[in-house]
Amino acid sequence: MHPQQHNTMKYNNRSKAVLLLKDGTIFHGKSIGIEGVTFGEVAFNTGTTGYQEIFTDPSYFGQIMVTTNAHIGNYGVNEKEVESDSVKISGLVCKNFSFNYSREDATESLFDYLSKQNLIVISDVDTRALVSYIRDNGAMNAVICTDGTPIEELKEKLAQVPDMNGLELASKVSTKEPYFFGEETAKYKISALDLGIKTNILRNLAKRDCYIKVFPYNASFEDLKAFNPDGYFLSNGPGDPEPLETAQEVAKQILNENKPLFGICLGHQIIGLANGISTYKMFNGHRGINHPVKNVITGKGEITSQNHGFAIVREELDKHPDFELTHEHLNDGTVAGMRMKSKNCFSVQYHPEASPGPHDSSYLFDQFIQNIKTASN
């Protein structure tokens, strides 16, 4: 049978599936053919491309991802375009799932890729209605069911799923053992704390002549210091930053020694918490590749990639004598970046290693290297 025909038949014969939200709301759709039940916090991403990077981003661990773009799978997958070694989202909700794909350098279809990892997917959902609902009612826990489990049983199980607020997830995605990235002969050495690090961050550091040693989420400052690095990096990752007390302690000790420190996303929140600035769970977070940010130091705008459900409390940042706001999210005024006045430390809430602008924010890696150069002179 011709593969095109096979896929068309599969499309026509797909079984019913449901997305049940914690408040009891049900959205109906179809299964793409991977049977089961999966739980997580439902959140949406407004990116028009980049589904593969989203699915493999460790920061999305524990999230059921709603993609607002109408077509998912249409350009297949390429094994080089992953942000980690596996799919990290807990489920996928989309409008049109494309079994067929067209792209010269695609290595396989999205369906084959997700089948290998047994990711539960519901398609043919009215995603515009769903996103509108989440925007009005906030991100909440949900379940996707593609195997016919009765609704009452799903409700009982969903009630047992822990809330994302207070949930520590970095341990689920961090490396178990330290590893190296880049060329050993590189000019600069970086100790990176892996709270759910994206591979593209490591690539960006390596191409700026850095040799990186990546440490597990619960590594001590002594562990990181033993590499004798020129600078320290705190990575992105999933979940609530507050329970990550070891990472906060590491940040405090790095700052005590005034070594160059750069934090992204969860790492940025950890730097805030280490200095007594609180974080909070956002109503529905920022997830997408078109978020406008203003660099308040230079006055320039940036189109940024964002993926976070928690943020720094701006009022506390503004009152802190040793911190200043460097970047502001233009949609809602939330903290998108900050730096310390007395320490060699800065951080951003968004993802400069992603390229939506396409290179609006890559200067931040150069700034980190400049801080390292300044510190060593």
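Between the side chain of Asp240 and the main chain of Gly166, a donor-acceptor pair closer than 3.5 Å is present. The main-chain N or O of Ser15 is never found under 3.5 Å from a side-chain atom of Ser31 such that the two would form a donor-acceptor pair. Looking at Thr107, its side chain does come within 3.5 Å of a backbone N or O of Glu79 through a donor-acceptor pair. Ser90 places a side-chain N or O within donor-acceptor distance of the main-chain N or O of Phe39, the cut-off being under 3.5 Å. Judged purely by atom type and a 3.5 angstrom limit, Asp332 uses its side chain to pair as donor or acceptor with the backbone of Thr334. In terms of modelled atom types and a separation under 3.5 Å, the side chain of Asn96 and the main chain of Ala70 share a donor-acceptor contact. A side-chain donor-acceptor contact under 3.5 Å links Thr304 to the backbone of His291. Although no hydrogens or angles enter the test, the distance criterion places a donor-acceptor pair under 3.5 Å between the side chain of Asn69 and the main chain of Thr48. With hydrogens and angles disregarded, a donor-acceptor distance shorter than 3.5 Å links the side chain of Glu168 to the backbone of Ala170.
Side-chain contact between Val42 and Ile134: present, with at least one pair of heavy atoms (C-beta onward) separated by less than 4.5 Å. Side chains of Leu273 and Pro241 form a contact here, defined as non-hydrogen atoms less than 4.5 Å apart. Proximity of Thr67 to Phe44: side-chain heavy atoms (C-beta onward) are nowhere separated by under 4.5 Å. Proximity of Phe368 to Leu205: side-chain heavy atoms (C-beta onward) are separated by under 4.5 Å at one or more points. Between Pro352 and Ser362 the shortest side-chain heavy-atom distance does not fall below 4.5 Å. Side-chain contact check for Phe310 versus Glu242: every heavy-atom pair is 4.5 Å or farther apart. Counting heavy atoms from C-beta outward, Met338 and His268 have side chains that approach closer than 4.5 Å. Between Lys198 and Pro58 the shortest side-chain heavy-atom distance falls below 4.5 Å.
The ring of Phe111 has its center closer than 6.0 angstrom to the ring center of Phe99. Note: Tyr211 and Phe180 meet the aromatic proximity criterion, with ring centroids under 6.0 Å apart. Side-chain rings of Tyr75 and Tyr51 approach one another, their centers coming within less than 6.0 Å. Aromatic ring centroids of Tyr350 and His327 lie under 6.0 Å apart.
Comment: Asp124 engages Arg14 in a salt bridge, judged by a side-chain N to carboxylate O separation of less than 4.0 angstrom. Electrostatic pairing of Arg128 and Asp126 does not count as a salt bridge here, judged by no charged N lying under 4.0 Å from a carboxylate O.
Distance CG/Asn290 to CD1/Ile303: 7.5 Å, rounded to 0.5 Å. The CD1 atom of Ile264 sits 8.5 Å away from atom OG of Ser235, with the distance rounded to the nearest 0.5 Å. Atoms OG1 and CG, from Thr199 and Leu202 in turn, are 6.5 Å apart once rounded to the nearest 0.5 Å. Atom-to-atom distance recorded for Ser347:OG and Leu364:CG is 10.0 Å, nearest 0.5 angstrom. The line from OG of Ser191 to CZ of Phe227 is 6.0 Å long, rounded to the nearest 0.5 Å. Taken to the nearest 0.5 Å, the CD1 atom of Ile144 stands 10.5 Å off from the CD1 atom of Ile34.
Geometrically, Lys88 does not engage Phe55 in a cation-pi contact, judged by NZ or CZ lying under 6.0 Å from the ring centre and within 45° of the ring axis.
Residues Asn100 and Ser98 bring no donor and acceptor atom of their side chains to less than 3.5 Å of each other. A donor-acceptor contact closer than 3.5 angstrom links the side chains of Asn344 and Asn371. In this structure, a donor-acceptor pair under 3.5 Å is present between the side chains of Thr25 and Tyr133. Defined by atom type and a distance below 3.5 Å, a donor-acceptor pair is missing between the side-chain atoms of Asn78 and Tyr113. A donor and an acceptor atom, one from each side chain of Ser278 and Glu316, are located under 3.5 Å apart. In this structure, a donor-acceptor pair under 3.5 Å is present between the side chains of Ser342 and Asp322. Between the side chains of His351 and Asp57, no donor-acceptor pair is found at a separation under 3.5 Å. Defined by atom type and a distance below 3.5 Å, a donor-acceptor pair is missing between the side-chain atoms of Thr279 and Gln269. For the residue pair Thr56 and Glu53, no side-chain donor N or O sits within less than 3.5 Å of a side-chain acceptor on the partner. Between the side chains of Ser59 and Asn236, at least one donor N or O lies within less than 3.5 Å of an accepting N or O. Side-chain contact check for Asp112 and Ser115: no donor-acceptor pair (N or O, by modelled atom type) lies under 3.5 Å. Under 3.5 Å, the side chains of Asp147 and Thr149 contain a donor-acceptor pair of N or O atoms.
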Given salt bridge (Lys or Arg N to Asp or Glu O under 4.0 Å), test Lys343 with Glu324 step by step and report yes or no.
-> CA-CA 12 Å; Lys343 304 285 185 188; Glu324 65 178 327; over 6 Å; no

Report the C-alpha separation of Thr127 and Thr68 in whole Å, then their side-chain angles, then the decisive distance to 0.1 Å, and conclude whether the side-chain contact (heavy atoms from CB on, under 4.5 Å) test is met.
-> CA-CA 6 Å; Thr127 48; Thr68 64; 5.9 Å; no

Steps toward side-chain contact (heavy atoms from CB on, under 4.5 Å) verdict (Ile271, Gln248) | CA-CA 7 Å; Ile271 290 168; Gln248 291 167 38; over 6 Å; no

Give the C-alpha distance, both sets of side-chain angles, the deciding distance and a yes or no for salt bridge (Lys or Arg N to Asp or Glu O under 4.0 Å) between Lys225 and Asp223.
-> CA-CA 6 Å; Lys225 188 180 176 182; Asp223 295 336; over 6 Å; no

Evaluate salt bridge (Lys or Arg N to Asp or Glu O under 4.0 Å) for Glu41 paired with Lys281, printing each intermediate quantity in order.
-> CA-CA 13 Å; Glu41 183 187 60; Lys281 187 174 188 298; 2.8 Å; yes

Take Asn45 and Asn307, measure what side-chain contact (heavy atoms from CB on, under 4.5 Å) needs, and give me the verdict at the end.
-> CA-CA 8 Å; Asn45 186 300; Asn307 166 17; 5.7 Å; no

Pair Gln349-His308, side-chain contact (heavy atoms from CB on, under 4.5 Å): steps then yes or no = CA-CA 8 Å; Gln349 180 59 78; His308 60 106; 3.3 Å; yes

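The neighbour count for Glu222 CD, taken as heavy atoms of other residues, nucleotides or ligands under 6.0 Å away, is above 12. Around the NZ atom of Lys80, the shell of radius 6.0 Å holds no more than 12 heavy atoms that belong to other residues, nucleotides or ligands. Other residues, nucleotides and ligands place more than 12 heavy atoms under 6.0 Å from the CZ atom of Arg203. Residue Gln117 places its CD atom among more than 12 non-hydrogen atoms of other residues, nucleotides or ligands, all under 6.0 Å distant.
Minimum heavy-atom separation, Lys252 to Ala274: CE-O, 3.3 Å.
When Lys300, Lys294, Arg314 are each tested for a salt bridge (Lys or Arg N to Asp or Glu O under 4.0 Å) with Glu328, only one passes: Arg314. Between Leu193 and the options Leu224, Val214, Ile254, Leu244, a side-chain contact (heavy atoms from CB on, under 4.5 Å) holds for only Leu224.
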